[in-house]
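Below: the structure, in structure tokens.
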Amino acid sequence: MAMTDSTGSTWRYRWVRRQNERRQRAFAEADRAWRQRDEELRRLRTLAGEFGGSADAGAGLPIELEPGETVCWVLPAAHLVEVRHTAVLPAPDLTVTSRPGPLRKRRPDGVRVADTGIAMITNRRLVLLGGRGRRDWAYGKITGLAHDASAPVTLIQVLDRRCASGLLLPAAAAADFRFKLSVAFADAVEQRDAVLAQLDEALAEHAQRQPLRPAVVTPAQARLAAVVPGGRRTVAVAAGVALLVPATLIASAPSESSEAEVAAGVATDVPASAAAAVAATATSAATEAPTTVPPESTPSAPPDLCGAPANPMAYGFCAGTPIREPVTDVCEWLDCVPGFWAGRGHLVQCGNGSVSLAGGSPRACGQHGGVRHTFRS
């Protein structure tokens, strides 16, 4: 038997069930993404704190280690790449907490493969043991370093070579390589503490973003908008129309002279008896009508969202700050993409009208027509 409220209605309980299920799904999805990122940050923190190596790790490799040099990481398959033109790369950056987006396998334009061999990170240099020889990048001589944002390519500039060169790695190994190279470089320039502090700060900031379990809604919280097709969006549109219609009617109301002309025209086209009846009725209505006219109320115009969908949060496409932490019920007003709460960027509208929280990432709205607009507050 269906549950009913005090009025014998069941729609409140249907609304409660749908709302609780939707909130639990959104929470479970956001919590899963949060835990995955938390585990990844903790793994990186542990790795950075214990990062080192050993001389024994280089046993069997065709390289002679310098006194005190240890091998920290080895990859059997890597490509040596060179840039055809002279380019000035940015100074090495010790940022290690950002997550690279999906990397394509194709190398960027202007980069050619010069050799293939074994890549090795030591506590003093990056080495490629290739079929045509050995290429070293000593940390003390590095003047520029750049990781390609869309390809697993890392380019390096050193003091004793004019053109930049670097490594092209398998896409699955690129993130691990970039992190360990950054830690090894930071350790060589005595900046490992700065990297550890950066990871500790990222962990503390991530802990503050842990999703909270949503409260359970009750039938008493059900709104009448739930029984209207389209929900709150329909109610919002209807309210806007209700505010605009009176203003339109007032602006288009005929003047007194026009009414008199119409009355005169009617009087000439109807019999005298009918005209007399109309005149009597008008006189009676004028006598009974109030002599004071209430002041006209000016309807409040809805905020200008610059073409954005109507929403009570005033999220629009106008100038302002990108929205990185939307309200928890944003998906009740805007059409969120699947996996919305897993996004780690700002709020954007996709090409198909849905919204994503991955703005700023190259994969934002990748399956929804690309990014169309950025929501701002």
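Remember, it's a predicted structure, so these values are computed and weren't measured experimentally.
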Distance from Asp31 atom CG to Gln36 atom CD, nearest 0.5 Å? 10.0 Å

Is it the case that the side chain of Asp160 and the backbone of Val158 share a donor-acceptor pair, with hydrogens and angles ignored and the cut-off at 3.5 Å? no

Closest non-hydrogen atoms of Phe340 and Pro326, given as atom of the first, atom of the second and distance, are CZ-CG, 4.2 Å

Determine whether a donor-acceptor pair (N or O, by modelled atom type, separation under 3.5 Å) exists between the side chain of Asn311 and the backbone of Met313. yes

Around atom CG of Leu159, are there more than 12 heavy atoms from other residues, nucleotides or ligands closer than 6.0 Å? yes

In Å and rounded to the nearest 0.5 Å, what is the CD to NE2 distance from Glu201 to His206? 14.5 Å

With a 4.5 Å heavy-atom cut-off, do Asp187 and Tyr139 have their side chains touching? no

May I ask you to check whether over 12 heavy atoms, not counting those of Arg35, lie within 6.0 Å of atom CZ? no

Restricting to non-hydrogen atoms, name the atom on Phe27 and the atom on Pro211 that form the minimum distance, rounded to 0.1 Å. CE1-O, 3.7 Å

Looking at Thr70, is its backbone amide N or carbonyl O close enough to the side chain of Asn123 to form a donor-acceptor pair, meaning the two atoms are under 3.5 Å apart? yes

Sorted by chain and residue number, the side-chain hydrogen bond (donor to acceptor under 3.5 Å, both in side chains) partners of Arg22 (sequence neighbours excluded) come out as Gln19, Glu332

pair His346-Ile323: side-chain heavy atoms closer than 4.5 Å: no

Under a 3.5 Å distance rule, please check whether Gln157 uses its side chain to pair with a backbone N or O of Thr143 as donor and acceptor. no

Full working for side chain to side chain contact (heavy atoms under 4.5 Å, CB included) between Gln221 and Thr218: CA-CA 6 Å; Gln221 297 173 280; Thr218 63; 3.5 Å; yes

Is the shortest side-chain heavy-atom distance between Leu155 and Val81 below 4.5 Å? yes

Could you report the tightest heavy-atom contact between Gly49 and Leu196, atom names first, then the distance? N-CD2, 3.7 Å

Heavy-atom side-chain contact between Trp73 and Asp176 under 4.5 Å: yes

When you compare the side chain of Leu203 with that of Asp38, does any pair of heavy atoms fall below 4.5 Å? yes

Show, in sequence, the C-alpha distance, side-chain angles and deciding distance for Leu126 and Phe185, and conclude whether the side chain to side chain contact (heavy atoms under 4.5 Å, CB included) test is met. CA-CA 9 Å; Leu126 171 65; Phe185 178 82; over 6 Å; no

Around atom CD of Glu64, are there more than 12 heavy atoms from other residues, nucleotides or ligands closer than 6.0 Å? no

Distance check, rounded to the nearest 0.5 Å: Glu69 atom CD versus Arg125 atom CZ? 4.0 Å

For Gln24, look at atom CD and say whether over 12 heavy atoms of other residues, nucleotides or ligands are found less than 6.0 Å away. yes

Assigning hydrophobic clusters by single linkage (Ile, Leu, Val, Met, Phe, Trp, Tyr; side-chain heavy-atom cutoff under 4.5 Å), is Val216 placed with Trp15? no

Tell me whether Val153 is reachable from Leu181 by hopping between hydrophobic residues (I, L, V, M, F, W, Y) whose side-chain heavy atoms are closer than 4.5 Å. no

Give a yes or no on whether Glu21 atom CD has more than 12 heavy-atom contacts from other residues, nucleotides or ligands under 6.0 Å away. yes

Is any side-chain heavy atom of Leu47 less than 4.5 Å from a side-chain heavy atom of Lys180? yes

Check whether any side-chain N or O of Arg372 sits under 3.5 Å from a backbone N or O of Gly351 as a donor-acceptor pair, and report yes or no. yes

Look only at the side chain of Asp115 and the backbone of Gly131, and say whether a donor-acceptor pair between them is shorter than 3.5 Å. yes

Nearest 0.5 Å, what's the CG-CD1 distance between Asp136 and Ile63? 6.0 Å

Is there a path of hydrophobic side-chain contacts, each under 4.5 Å between heavy atoms, that joins Val71 and Leu129? yes

With a 3.5 Å distance limit and no angle check, can you tell me whether Arg192 reaches the backbone of Ala48 through a side-chain donor-acceptor pair? yes

Exam field: side chain Asn20 to backbone Val217, donor-acceptor pair closer than 3.5 Å: yes

Closest non-hydrogen atom pair between Cys163 and Val83, with its separation: CB-O, 4.2 Å

Exceeds 12 heavy-atom contacts within 6.0 angstrom, atom CD of Gln210: yes

For a quick test of reading the model, state the closest non-hydrogen atom pair linking Phe179 to Leu44 and the distance between them. CZ-O, 3.4 Å

Between Thr154 and His147 the two heavy atoms that sit nearest each other are OG1-ND1, 2.8 Å

Do Trp34 and Trp341 share a hydrophobic cluster, counting only Ile, Leu, Val, Met, Phe, Trp and Tyr and linking them when any side-chain heavy atoms are less than 4.5 Å apart? no

Please examine the side chains of Leu128 and Trp137, heavy atoms only from C-beta on, and report whether any two atoms are closer than 4.5 Å. yes

One thing to verify: whether Arg42 and Glu39 come together as a salt bridge, which I'm taking to mean a side-chain N less than 4.0 angstrom from a carboxylate O. no

Is it true that Val111 and Phe177 fall in one hydrophobic cluster, defined by side-chain heavy atoms closer than 4.5 Å? no

Rounded to the nearest 0.5 Å, the OG atom of Ser356 sits from the CG atom of Leu347 at a distance of 8.0 Å

Within a strict 4.5 Å, meaning less than it, do heavy atoms of the Thr328 and Leu212 side chains meet? no

Qualifying ring pair (Phe, Tyr, Trp, His ring centres under 6.0 Å) pairs with a residue from residues 356-377, counting only residues at least two apart or across chains: Phe317-His373, Phe317-Phe375

Go through it in stages, so that I can follow the logic: the residues are Val337 and Leu357, the test is side chain to side chain contact (heavy atoms under 4.5 Å, CB included), and I'd like the CA-CA distance, side-chain angles, deciding distance and then a yes or no. CA-CA 9 Å; Val337 301; Leu357 195 56; over 6 Å; no

Test Glu82 against every option in Arg135, Arg162, Arg132 by the salt bridge (Lys or Arg N to Asp or Glu O under 4.0 Å) rule and name the one that passes. Arg135

Spacing of Leu167 atom CG and Leu80 atom CG [to the nearest 0.5 Å]: 7.0 Å

Hey, mind stepping through Tyr315 and Val330 against side chain to side chain contact (heavy atoms under 4.5 Å, CB included) and telling me if it holds? CA-CA 10 Å; Tyr315 293 168; Val330 63; 4.3 Å; yes

